[in-house]
Amino acid sequence: MSLKQLIENCKVNDNKAQGELYKLFTGKLFSVCLKYSRNYTEAEDNLQDAFLVIFNKIGQYKNKGSFEGWLKRITINTVLQRYRNEKVFDIINEDITEAIEVDIEEEEVSIDYLLQIIQELPDRYRLVFNLYVLDGYSHKEIAEMLSITIGTSKSNLARARQILKNNIEHNKVKQNIHSL
């Protein structure tokens, strides 16, 4: 069955088609959820919530643009809605706008470690970091998505980068001590 037919069948609540769509995109959308979630279990919950929204809104998809991109946007927005409801952005408003660059040598930091330290970031920093660095949203778009100011988006990104830099440097020191 073609993707277009699968989508059309999902629009009429065909359970078999919904199962096929789930199987087809669960891996890609789970990786999106994992980026934005605190841990694996939360990512699983977010994935389930995202698919509920996808199946409820699939009638709004008009076969224009990338279907996968549409799914990804719904998934990101579903996860972000959870954080909006938890009010993680009401805590502080910072004014750190200096750009902090983090140089990572691939042989020094594994992808698993990098994902782990990103997931350990406080929610507001992790979400802004992922939206800006990994998904390419602008600070203006992030501010609108998260109902924060552009300055807060910039400062949260700077804080996230600083925390990641410190964790990576700490990990390097720890590895050097163990190799002595």
Q. Relative to each other, are the rings of Trp70 and Phe67 parallel, tilted or perpendicular (30° and 60° limits)?
A. parallel

(Q) What verdict does the side-chain hydrogen bond (donor to acceptor under 3.5 Å, both in side chains) test give for Gln5 and Asn9, after you've listed the backbone C-alpha separation in whole Å, the side-chain angles of each residue and the deciding distance to 0.1 Å? (A) CA-CA 6 Å; Gln5 187 58 53; Asn9 289 359; 2.7 Å; yes

Q: Look at the side-chain heavy atoms of Ile, Leu, Val, Met, Phe, Trp and Tyr, link any pair under 4.5 Å apart, and say whether Val128 and Val32 land in one connected group.
A: yes

Q: Determine whether Leu24 and Leu3 make a side-chain contact, defined as any pair of heavy atoms from C-beta on separated by less than 4.5 Å.
A: yes

Q. Can you check whether Ile168 reaches Leu114 side chain to side chain, under 4.5 Å on heavy atoms?
A. yes

Q. Between atom CD of Glu144 and atom OG1 of Thr149, what is the distance when rounded to the nearest 0.5 Å?
A. 12.0 Å

Q: Check whether any side-chain heavy atom of Leu131 sits under 4.5 Å from a side-chain heavy atom of Ile76, and report yes or no.
A: yes

Q | side-chain contact (heavy atoms from CB on, under 4.5 Å) between Arg82 and Asp45, worked out | A | CA-CA 11 Å; Arg82 168 179 268 187; Asp45 291 344; 4.0 Å; yes

Q. Ignoring hydrogens and geometry, is there a side-chain-to-backbone donor-acceptor pair from Ser37 to Cys33 under 3.5 Å?
A. yes

Q: Would you please indicate if the ring centroids of Phe51 and Phe30 are separated by under 6.0 Å?
A: no

Q: Please report the C-alpha distance between Thr75 and Val53 in whole Å, then the side-chain angles of each, then the deciding distance to 0.1 Å, and finally whether the side-chain contact (heavy atoms from CB on, under 4.5 Å) criterion is met.
A: CA-CA 8 Å; Thr75 302; Val53 174; over 6 Å; no

Q. Going by atom types alone, do Thr78 and Asp49 pair a side-chain donor with an acceptor below 3.5 Å?
A. no

Q.
Quick check on the 6.0 Å ring-centre criterion: do Tyr137 and Tyr132 meet it?
A. no

Q: Is it possible for you to say whether Leu80 and Leu71 belong to one hydrophobic cluster, with membership spreading through side-chain heavy-atom contacts below 4.5 Å?
A: no

Q.
Testing the 3.5 Å rule here: is there a donor-acceptor pair between the side chains of Gln162 and Asn166?
A. yes

Q: Please name all residues satisfying side-chain hydrogen bond (donor to acceptor under 3.5 Å, both in side chains) with Glu42, sequence neighbours left out, ordered by chain then number.
A: Arg38, Tyr83

**Q.** Tyr125 vs Leu164 side-chain heavy atoms within contact, under 4.5 Å
**A.** no

**Q.** Tyr36 vs Asp135, side-chain hydrogen bond (donor to acceptor under 3.5 Å, both in side chains): CA-CA, chis, key distance, verdict
**A.** CA-CA 11 Å; Tyr36 287 94; Asp135 289 320; 2.3 Å; yes

Q. Is a donor on one side and an acceptor on the other found under 3.5 Å between the side chain of Lys11 and the backbone of Tyr61?
A. yes

Q | Co-membership, hydrophobic cluster, residues Phe55 and Val12, 4.5 Å side-chain | A | no

Q. Is the closest side-chain heavy-atom distance between Ile54 and Phe25 below 4.5 Å?
A. no

Q) Can you check side-chain contact (heavy atoms from CB on, under 4.5 Å) on Leu21 and Ile58, steps first, answer last? A) CA-CA 11 Å; Leu21 190 76; Ile58 198 159; 4.0 Å; yes

Q | From Lys35 atom NZ to Asn46 atom CG, the distance as rounded to the nearest 0.5 Å | A | 13.5 Å

Q: With sequence neighbours left out, write down each residue that passes side-chain hydrogen bond (donor to acceptor under 3.5 Å, both in side chains) with Lys16, or none if nothing qualifies.
A: none

Q | Ile150 CD1 to Ile142 CD1 distance, which is reported to the nearest 0.5 Å | A | 10.0 Å

Q: For the residue pair Arg126 and Asp123, establish whether any side-chain heavy-atom pair is separated by less than 4.5 Å.
A: yes

**Q.** Distance, nearest 0.5 Å, that separates CG of Asn156 from CG of Leu146
**A.** 8.5 Å

(Q) Ignoring hydrogens, what is the shortest heavy-atom contact between Ile74 and Ala50? Give both atom names and the distance. (A) CG2-O, 4.2 Å

Q.
With clusters defined by side-chain heavy atoms of hydrophobic residues (ILVMFWY) lying less than 4.5 Å apart, directly or transitively, does Tyr113 cluster with Phe129?
A. yes

Q: Dump the intermediate steps for side-chain contact (heavy atoms from CB on, under 4.5 Å) on Leu34 and Gln119, then the final yes or no.
A: CA-CA 8 Å; Leu34 202 53; Gln119 286 178 322; 3.3 Å; yes

Q) Are a donor atom and an acceptor atom from the side chains of Gln48 and Glu44 found within less than 3.5 Å of each other? A) no

Q) Is any side-chain heavy atom of Val133 less than 4.5 Å from a side-chain heavy atom of Leu157? A) yes

(Q) Between Gln18 (side chain only) and Asn13 (backbone N and O only), is there a donor and an acceptor less than 3.5 Å apart? (A) no

Q. Does Lys28 reach the side chain of Glu68, with side-chain heavy atoms less than 4.5 Å apart?
A. yes

Q | Polar side-chain atom of Asp14 near backbone of Cys10 as donor-acceptor pair, under 3.5 Å | A | no

Q: Output the distance between atom CD (Glu141) and atom OG (Ser153), rounded to the nearest 0.5 Å.
A: 10.0 Å

(Q) With rounding to the nearest 0.5 angstrom, report the CG to CE distance, Asn77 to Met145. (A) 5.0 Å

